[in-house]
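Dropping a structure here in structure tokens format, bear with me for questions.
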Amino acid sequence: MLARRLQGIPPTIFSEMSALAVRTESVNLGQGFPDVDGPPGVIARAVEALENGQNQYAPGTGVPALREAIARHQGRHYGLDLDPDRQVCVTTGCTEGVAAALLGLVDEGDEVVVLEPYYDSYVAMIQMAGGVRRPVTLRWPDFRLDVDELRAAVGPRTRFILLNSPHNPTGTVLTRDELQAVADVAIEHDLVVITDEVYEHLVFDDHEHLPLATLPGMFERTLTLSSAGKSYSFTGWKVGWASGPAELVDAVLAAKQWLTFTSGAPLQPAVAHALDDEPDFPRELATDLQKRRDLLCSGLGEVGLDVRVPEGTYFALTDVSDLGWEDGLSFCLALPERAGVVAIPTQGFHDSEAGRHLVRWAFCKNPSVIEDGLRRLGDARLQA
Ligand SMILES: Cc1ncc(COP(=O)(O)O)c(C=O)c1O
């Protein structure tokens, strides 16, 4: 029965693995959601909005207070000067931002260069928009951008680059030089870049997130997407935003008006409050997450897994080939039975074989949950 535009797209692995975690009573180090909510003051603002009549359709572009707060956020952190009425729009999570950007901009047969491993909605949405993906692989163990590969991926039909930094699932934060290489290619070939920056504040050690839109000549060809989900630990709220030049934001709105029309009204003033009045929360969250990253990564190393310490995001990758597994999927399917732990195989996020043995672990969990997971892994036989 399935329409051709959806054929061949694998079902999202996250639902399958989370259901497996519940069924087997496993510790879920798979799906990337925190188990502690964001600031109580932000929740109080949402309750206030619910109780005070902000329950009808919000404007399609989003409530003015939130658009203004997003513009201030981009100004404060990155020195970007945005017109909140024409260069910002609110989306239903970054997921809708990705969908509306691709549906609003991509024509049948247009090529979209995209970093592999992909965030899974990119694959589905490029296909639903009629586009063709052109992968550029970030490879184990360093996961750096190969600029020659990027250049080779661009052909006469390429019109877009869909970028993600900090990158899920590798944890790579693209450096200024890597971003400059992306900018050079985009300018040389007159490409539009859609950049997914949902982990913009979740960077560790001395790594720094730099929005592509801040590089010379890039603002006018870059659509920047983000969301409150990761920065404020409200992944269930699905409040995101797109910002950039008015023509690109207009294209998002042109598609969004037929997808959701508008996004959840009472949550928008609460997210505006978060951005304006809880500006330190994301940095504190990153400091705390870094400790949990270290806990998870050292523990995974101790149980014999070859781990890459991520520079940002919620996730660490391991390579399970040394343990004798044919691939990451067979490891992850065996893990709940053997250890009572769930992790995510990343081979489905690749076209190439580069991710065949990679497994993703989430550390956005309470330290006690991570410790429980590590204890279980330590007690189990992890060899194939
Ligand atoms: C790279 C990336 N983009 C987008 C999203 C989805 O964001 P939202 O929940 O705001 O739709 C996620 C969530 O995991 C993500 O990892």
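Keep in mind that what you see is a predicted model, and the values were worked out from it rather than measured. Whatever order the structure lists ligands and atoms in, that order sets their numbers, starting from 1.
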Apart from Val203 itself, its cluster of hydrophobic side chains linked below 4.5 Å comprises Val173
Sequence neighbours excluded, the answer for salt bridge (charged side-chain N to carboxylate O under 4.0 Å, His left out) partners of Arg72 is Asp276
Does one side chain, of Thr137 or Glu116, offer a donor that lies under 3.5 Å from an acceptor on the other? yes
Assess the side chains of Asp184 and Gln180: does a donor N or O sit below 3.5 Å from an acceptor N or O?
yes
### Task
Using the six-membered ring wherever Trp is involved, compare the ring planes of His77 and His73 and label them parallel, tilted or perpendicular (cut-offs 30° and 60°).
tilted
Counting only non-hydrogen atoms and a 4.0 Å cut-off, the residues near ligand 1 are Gly93, Cys94, Thr95, Tyr119, Tyr122, Asn164, Asn168, Asp196, Val198, Tyr199, Ser227, Lys230, Lys238
Applying salt bridge (charged side-chain N to carboxylate O under 4.0 Å, His left out) to Asp177 and not counting sequence neighbours gives none
